[in-house]
Student: 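If you scroll down you'll find the structure; I have some questions about it.
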2 protein chains.
Amino acid sequence: MTAHKDDARRNKQADGSRAERPADPLMVLSVEKAFRVLESFDPTHASMSLSQVASVAGLDKSAAQRFTHTLEKLGYLRKDPVSKHFEMTTRALKLGHNFTRANPLIERAAPYLMHLSKTTEETINLTVRDDTEIVFVLRFLSRQVLNPDVTIGTRMPAYCTAPGIAMLSRMRPEDARRILERTDLRAYTPDTTWQIDTLMEKIALSAARGYATAFEEFYHGDLSIAAAAVTSRQEPACAVNIAVSRARYTRQDAEKRFSSLVVAAARSISQGLPQPHG
Amino acid sequence: MTAHKDDARRNKQADGSRAERPADPLMVLSVEKAFRVLESFDPTHASMSLSQVASVAGLDKSAAQRFTHTLEKLGYLRKDPVSKHFEMTTRALKLGHNFTRANPLIERAAPYLMHLSKTTEETINLTVRDDTEIVFVLRFLSRQVLNPDVTIGTRMPAYCTAPGIAMLSRMRPEDARRILERTDLRAYTPDTTWQIDTLMEKIALSAARGYATAFEEFYHGDLSIAAAAVTSRQEPACAVNIAVSRARYTRQDAEKRFSSLVVAAARSISQGLPQPHG
DNA sequence: GCTCTTGTATCGGATCGTAATACTCTTTAT
DNA sequence: ATAAAGAGTATTACGATCCGATACAAGAGC
């Protein structure tokens, strides 16, 4: 026991060349840096030179060199031989694709969403929650797409979306509140519900009704009705929602017409949902 | 089993003190292993224990421990606290999502595909080529989906798909042939064109027509018509295709009705296509 | 031409990761 | 019950791997 020599190992010399590490001996820092590089390639940095990568990822030139080289060899980046700029390859789609195909939740939910899509001819989404956000994992577009920028993998704050509220409404209120408390709550539109107490009321109402609505709380013109599917322990697993345009429905019409459909779909999905382990 | 690659790649210091095979000094092997772990989580291995990860990824227990720990800390894996099994998180979608959003090709093509989707009400795809394969990068489903298993990120052999042939037909024939030569050519269905010479004829015909067809060459019942978009250097950049079911169209009808549409869409996409650098 | 910036190659040495081992727990068999 | 086996977790000494400084090469702009 004790620790005699090993802290000598991770304490650098006193001349402080480096801040001390959290000392997580299992953490492989190279991997973290590699992902920092890969994740630098966002929509605003689609194509980057070596030095851009270095500055965006916060690495020095040597590290940028090594990690871009490594990622290129692994097939995740390609370098244009003339401009020397790097960009992502289709390889990046593979992980997401694997996730989608491997996820039993999605496999199970897909047929019900497709059915909804066919019968309503509106946009149908399946989302899961990741802490304070929801993530779109499956999407069936209608002919008149509202927001083409929303694709699989898109994230939004849970509190101002119908699926987010639907999932929060299936949790214990104190847990839901804790999530809201660590969210950056703001009014994206004039209609955004963004105060904790009001949100808790909205959550309670949604719990009672069995579905949630979000009318232009994040995007203008977007009317969304959602219901959450739950595991056998009554924990929210995912949510299905229908999104329609204000141009074609009033809020009341949309709610009246679609709420029972999403509730039914969510209930179907719930039954026989794979367990998060037993 | 045991070690296979390290000796081949790296000469210990058998004789001369100088390593004659410097291997690849810029390659960071930890990163490669991390991706081996992540990519182990495919549809047949959605949820794995530590030792399963070790065996599937080909690592020893310690390495599996370190990399699962690292990936968990980075948010790509989560471990069920009771079953101790690992699975992927929605984080995996982020890279693919970034790729989609960052790719100017996709941004540019999306509106044309959407237009096609609306006017035809059939399934529309955008694909790019990655060596011998095509990869689906954007997809608009019709009401009657043929193959729900095909999602963004799905790959197919180029030679037996309409988009693949369409792109090959815009290359120099000798380059196209070289790609075919390194493909594992096989007859997936009785209708698969799989002999090099026949394929080259098919490619030549497609080049002359400006579009390609694949009738049940990979999936039964799947009739597909595609055209390639080209860069200003006349290099194929991507392909757009329409896929319909044999149940609702004859081959002739499908070809007659849709070929001009995909050709027009591909031409529109081609104009002002971002350069692979200038 | 020259300078300045950016990409590429090299290399010694310390850091960081490796792999062996030991320790808990849980599961299974006797 | 109890033991034995197996799996997951924690720890540590060692040394190969990776780090990062530096030098070199190649363009770009003046």
Side-chain angles (χ1 to χ4, degrees), chain A residues 1-13 15 17-34 36-37 47-73 77 79-86 277-278, chain B residues 2-3 5-7 9-14 17-34 36-37 47-73 77 79-86 277:
Chain A
M1 329 324 172
T2 75
H4 300 329
K5 19 179 44 178
D6 48 336
D7 37 10
R9 162 171 161 262
R10 45 180 68 105
N11 284 352
K12 279 276 292 207
Q13 299 305 351
D15 51 31
S17 39
R18 181 181 296 253
E20 35 214 88
R21 344 207 110 276
D24 182 351
L26 289 180
M27 189 73 183
V28 181
L29 298 174
S30 307
V31 176
E32 179 186 343
K33 290 182 199 155
R36 279 235 297 282
V37 169
S47 172
M48 287 193 282
S49 69
L50 183 64
S51 18
Q52 280 179 290
V53 170
S55 101
V56 173
L59 301 172
D60 60 48
K61 189 162 69 162
S62 291
Q65 184 186 15
R66 261 177 288 115
F67 289 107
T68 52
H69 175 90
T70 299
L71 290 170
E72 187 185 4
K73 277 238 160 176
L77 293 181
K79 173 159 61 171
D80 185 295
V82 5
S83 73
K84 313 288 186 191
H85 280 216
F86 293 91
H277 270 110
Chain B
T2 75
K5 45 168 230 179
D6 10 15
D7 293 359
R9 278 191 33 260
R10 187 180 317 278
N11 284 355
K12 293 293 250 187
Q13 39 186 2
S17 57
R18 260 301 200 222
E20 45 243 78
R21 267 313 100 214
D24 185 349
L26 289 180
M27 188 73 182
V28 181
L29 297 175
S30 305
V31 176
E32 179 188 341
K33 290 182 199 157
R36 280 235 298 281
V37 169
S47 172
M48 288 192 282
S49 69
L50 182 65
S51 17
Q52 279 179 292
V53 171
S55 102
V56 173
L59 301 171
D60 59 48
K61 189 163 71 162
S62 291
Q65 182 185 18
R66 262 178 291 115
F67 289 109
T68 51
H69 176 89
T70 300
L71 290 169
E72 188 185 2
K73 277 237 159 174
L77 293 181
K79 174 158 59 170
D80 185 295
V82 6
S83 73
K84 312 291 186 187
H85 279 216
F86 294 92
H277 270 107

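Convention: sequence-line order gives letters A, B, ...; per-chain numbering from 1.
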Student: Who passes salt bridge (Lys or Arg N to Asp or Glu O under 4.0 Å) against B:Lys61, sequence neighbours left out?
Tutor: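 Per chain and number, B:Lys61 pairs via salt bridge (Lys or Arg N to Asp or Glu O under 4.0 Å) with no residue.
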
Student: Whole Å only: how far is the CD atom of A:Glu32 from the P atom of D:dC18?
Tutor: 16 Å

Student: Give the rounded distance in Å between these two atoms: CG of B:Leu59 and P of C:dA19.
Tutor: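 It is 9 Å, rounded to the nearest whole Å.
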
Student: Given D:dC18, C:dT8, C:dG17, which nucleotide is nearest the side-chain atoms of A:Lys84?
Tutor: C:dT8

Student: B:Thr70 side chain to A:Val28 main-chain N or O, any donor-acceptor pair under 3.5 Å?
Tutor: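 Between the backbone of A:Val28 and the side chain of B:Thr70 there is a qualifying donor-acceptor contact (under 3.5 Å).
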
Student: Taking NE2 from B:His69 and P from D:dT11, how many angstroms apart are they, rounded to a whole number?
Tutor: 12 Å

Student: Could you tell me whether the side chain of B:Ser49 has a donor or acceptor atom within less than 3.5 Å of a complementary atom in the base of D:dA7?
Tutor: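 Per atom types, no contact qualifies.
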
Student: Can you check whether any acceptor in the base of C:dG7 is under 3.5 Å from a donor in the side chain of A:Lys61, or vice versa?
Tutor: yes

Student: Given that A:Met27 and B:Gln65 both sit by DNA chain C, which one's nearest nucleotide is further toward the 5' end?
Tutor: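 Per heavy-atom nearest nucleotide, the more 5' residue is A:Met27.
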
Student: Return the value, rounded to whole Å, for the distance between atom CE of A:Met48 and atom C1' of C:dG7.
Tutor: 16 Å

Student: Quick one: do B:Gln65 and A:Leu26 satisfy side-chain contact (heavy atoms from CB on, under 4.5 Å)? Show the steps, please.
Tutor: CA-CA 8 Å; B:Gln65 182 185 18; A:Leu26 289 180; 4.0 Å; yes

Student: Indicate whether OP1 or OP2 belonging to C:dT5 is found under 4.0 Å from a side-chain N or O atom of A:Ser51.
Tutor: no

Student: Side chain of B:Ser62 only, heavy atoms from C-beta on: which candidate in C:dA20, C:dG17, D:dC18 is closest?
Tutor: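 When the side chain of B:Ser62 is considered, C:dA20 is the closest of C:dA20, C:dG17, D:dC18.
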
Student: Taking the nucleotide of DNA chain C with the closest heavy atom to each, which residue, B:Asp60 or A:Gln52, is nearer the 5' end?
Tutor: A:Gln52

Student: Please report the shortest heavy-atom distance between A:Ala64 and A:Val53, naming the atom on each side.
Tutor: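 Looking at all heavy atoms of both residues, the shortest contact is CB-CG1, 4.4 Å.
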
Student: Grab the two heavy atoms, one from B:Gln52 and one from B:Ser47, that are nearest each other, plus how far apart they are.
Tutor: OE1-O, 4.0 Å

Student: Would you indicate which nucleotide in C:dA19, D:dT9, D:dC18 comes nearest to any side-chain atom of B:Leu50?
Tutor: D:dT9

Student: By nearest heavy atom, map A:Lys33 and A:Leu26 onto DNA chain D; which one lands nearer the 5' end?
Tutor: A:Leu26

Student: For the pair made of NE2 in B:His85 and P in D:dA7, what is the distance, rounded to whole Å?
Tutor: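 Atom-to-atom, B:His85 to D:dA7, this comes out as 11 Å.
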
